Amino acid sequence: KRKRRNMAKQVPEDQQIFKGLHFYFFPNDDKNPARKMRIAKAIEFGAQWEREMNKNITHVVVDKLMQYPTVLKYLKMNSLPNSVHVVSEIYLSECISYHALLNVGQPQFRVKGYVAPEHSDDPATAAPTFSINSVKPLELKLADEKIILRQLARQEISEEEISLESATSVALLLQDSDPVEDFYRQSPVNANRPADPQATTTEEFDSGSPIMDEGSETDSAVIPTNQPIIKRQDIQTKFRCMHKHIGDQPGNPNAAATTILQQMADYYSQTGDEWPAKAYRKATGTLSNHPTKVWTKDEALALPHIGKRLAQKIEEIAFTNHLRRLHKVIAEPADALLRTFMKVYGAGFAKASEWVNQGHKTLDEVVEKAKLSDNQRVGIKHYADFNARIPREEVAQHADIIRKSLHKIDPAFEVIVGGSYRRGSTQSGDIDWIVTCPNTGPAHLRAVVIDKLVPRLTESGFLVASFATTSRGSESKWHGASCLTGSTIWRRLDLFLVPSNELGAALIYFTGDTVFNRSLRLLANTKGLRLNQRGLYKDVIRGRRHIKSSKGILVEAKDERRIFEILRVPWRPPEHRIC
DNA sequence: TCACAGCGGAC
DNA sequence: GTCCGC
DNA sequence: GTGA
Ligand SMILES: O=c1ccn([C@H]2C[C@H](O)[C@@H](COP(=O)(O)OP(=O)(O)OP(=O)(O)O)O2)c(=O)[nH]1
Ligand SMILES: [Mg+2]
């Protein structure tokens, strides 16, 4: 074992406000970017990061969403010694910004469920430290009751299909002599398809980590006697891309839950916890799709992508209209600043955090004092422009200009406005273009668009900024901004040059929405296929940790509908690809 | 325990 | 490899 | 955080 040298960068000694202090974080790892940053900062200001709970520890620094009982439960302790200060993460940032050790007793540093000792040097309580709980009997969870689900399995099979709008594609899917079938017959993908779950599952009980289970607010966890409900969902229900959906109706019965879970998602995004954030969003998606109000845990649990913990939260929201854990935590001023900075084009979580940590309070201050990339500079200068939505009519005006100019160069070229515009939105965040031309390779596309069209429109004053040009293999992109004559508002443009033999895959990609794309790609994945903006591939070989070792063989690229068919997804017109 | 979509480019 | 963007 |  090598001794870890703790030589991370440190501030000059006289500024080390945490010198001599030993911090234990909770959770005590740096897997979360925000916490990683906090830990680095603490060390920078002289603190020692303790990896294990020990007697040297002076402060336990707890994440905002965590509660004191959870900490104790994890540590298997009844209490912490009075000499240890339990503080919220906010404590660190406040101390740093005031360049002083603040009073740990201030209410804003309080951790939920923690009551500070009266006087911390009480000799009476100093002695019995770190009493470790006797081992708790884990609650055994019985293995599956597989009976219930058998019945659940076969219910509304084709309600969805029946209500489909495209009769032709339904017919296609139902035909036995479906041309698509050929693909399946000859495809080796087939080999590992139906198989059969060799139910060797002999797990007697969930190896269940009892730790980290943030219990309910109410102290004694009322261990319910209810059986675990087993989910069984098939492709029909599990994948968002299998549903037509037109977006939220105003009367969504689960509005309370979705808004709160959405906030949770935002919170996790903000701390850089990408997977929890995505999980919350997925759950919000299924919930906002659900036609009736979900009241109970079990009801929620039956829905795709809603597990035990979210189900519990949903129940709480249904009855109380809020979530206690969330309540105050969400709208911190520091977070508002972070959110503001993160909306700068060219700045994400890392850059925005950096600016926050540098102490900048406004965008003006960032421009003055921080080092910026060209794109970020433009992003701040046109902060309002780029965060505004574009009315559909204005998109059409831009389209006119680009089409006319392009046709002067070569009338055979075709322009399709994709993105949210193609999905029928009345407003768009940017303008996404697909530029293509029959029987034209990538080289000529580039020659016409990048080398001729873009320079001309820049000359004429329509294009006002260029952010990035990408060009690899068959397709290219150009990112920039435009401004209509008579207007001062800059709009982001995204041109995607596509050879006609890849138009179908490109349309799917560029039409989105993002959730739909990911769902469709995930579905492809489960069938041993891979979908990207260039086409649908088979025989993709992936090694350990999902590393691709072979690109696979192209199955289909030019026909949008055909890709749906092969994936056995009923055709979705763009307006229905809103997930 | 692993994946969660999959890609290009700047640094 | 990380960050940012689509 | 969920699902396989
Ligand atoms: O992470 C992403 C982002 C985008 N896209 C695809 C889908 C999306 O529809 C299209 C255009 O991207 P854009 O960011 O412009 O989204 P949009 O759907 O057009 O919405 P907006 O109105 O905000 O521009 O590119 C993805 O596949 N993955
Ligand atoms: Mg768009």
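Computed from a predicted model, the values in this text were never measured in an experiment. Reminder, nothing fancy here: chain letters follow the sequence lines and each chain counts from 1.
- Among the protein residues, Asp432(A) comes within range of the sugar-phosphate backbone only, with heavy atoms under 4.0 Å from sugar or phosphate atoms but none that close to a base.
- Remark: ring of Phe349(A) does not overlap the six-membered base ring of dC3(C) in a stacked fashion, as centroids less than 5.5 Å apart with planes less than 30° apart are not both met.
- Counting any heavy atom pair closer than 4.0 Å across all strands shown, Tyr509(A) reaches a base atom.
- Regarding Ile434(A), its CD1 atom lies at a distance of 12 Å from the C1' atom of dC6(C), rounded to whole Å.
- Within 4.0 Å of Lys282(A), counting heavy atoms only, lies no atom of the nucleic acid at all.
- Separating the P atom of dA4(D) from that of dA5(B) is a span of 14 Å, rounded to the nearest Å.
- Each of Ser420(A), Pro573(A), Pro574(A) was compared with Thr511(A) under the side-chain contact (heavy atoms from CB on, under 4.5 Å) criterion, and only Pro574(A) meets it.
- What separates CG of Leu522(A) from P of dC2(B) is a distance of 18 Å, to the nearest Å.
- At a threshold of 4.0 angstrom between heavy atoms, the contacts of Ser519(A) with the nucleic acid are absent.
- One interatomic measurement links the two molecules: CG of Leu310(A) to P of dG1(D), which rounds to 7 Å at whole-angstrom precision.
- Across the P atoms, dC4(C) and dT1(B) are found 30 Å apart, a figure rounded to whole Å.
- Closest to the side chain of Thr514(A), out of dG3(D), dC6(C), dA5(B), is dA5(B).
- In this structure, Arg423(A) has no salt bridge (charged side-chain N to carboxylate O under 4.0 Å, His left out) partners at least two apart in sequence or on a different chain.
- In this structure, Asp494(A) reaches the sugar-phosphate backbone alone: every heavy-atom distance under 4.0 Å involves primed, P, OP1 or OP2 atoms, never a base.
- At whole-Å resolution of the value, CZ in Arg492(A) and P in dC6(C) are 5 Å apart.
- Every residue two or more places apart in sequence or in another chain that forms a salt bridge (charged side-chain N to carboxylate O under 4.0 Å, His left out) with Arg422(A) is listed here: Glu560(A).
- Nucleic acid contact class of Val344(A) (heavy atoms, under 4.0 Å, all strands): sugar-phosphate only.
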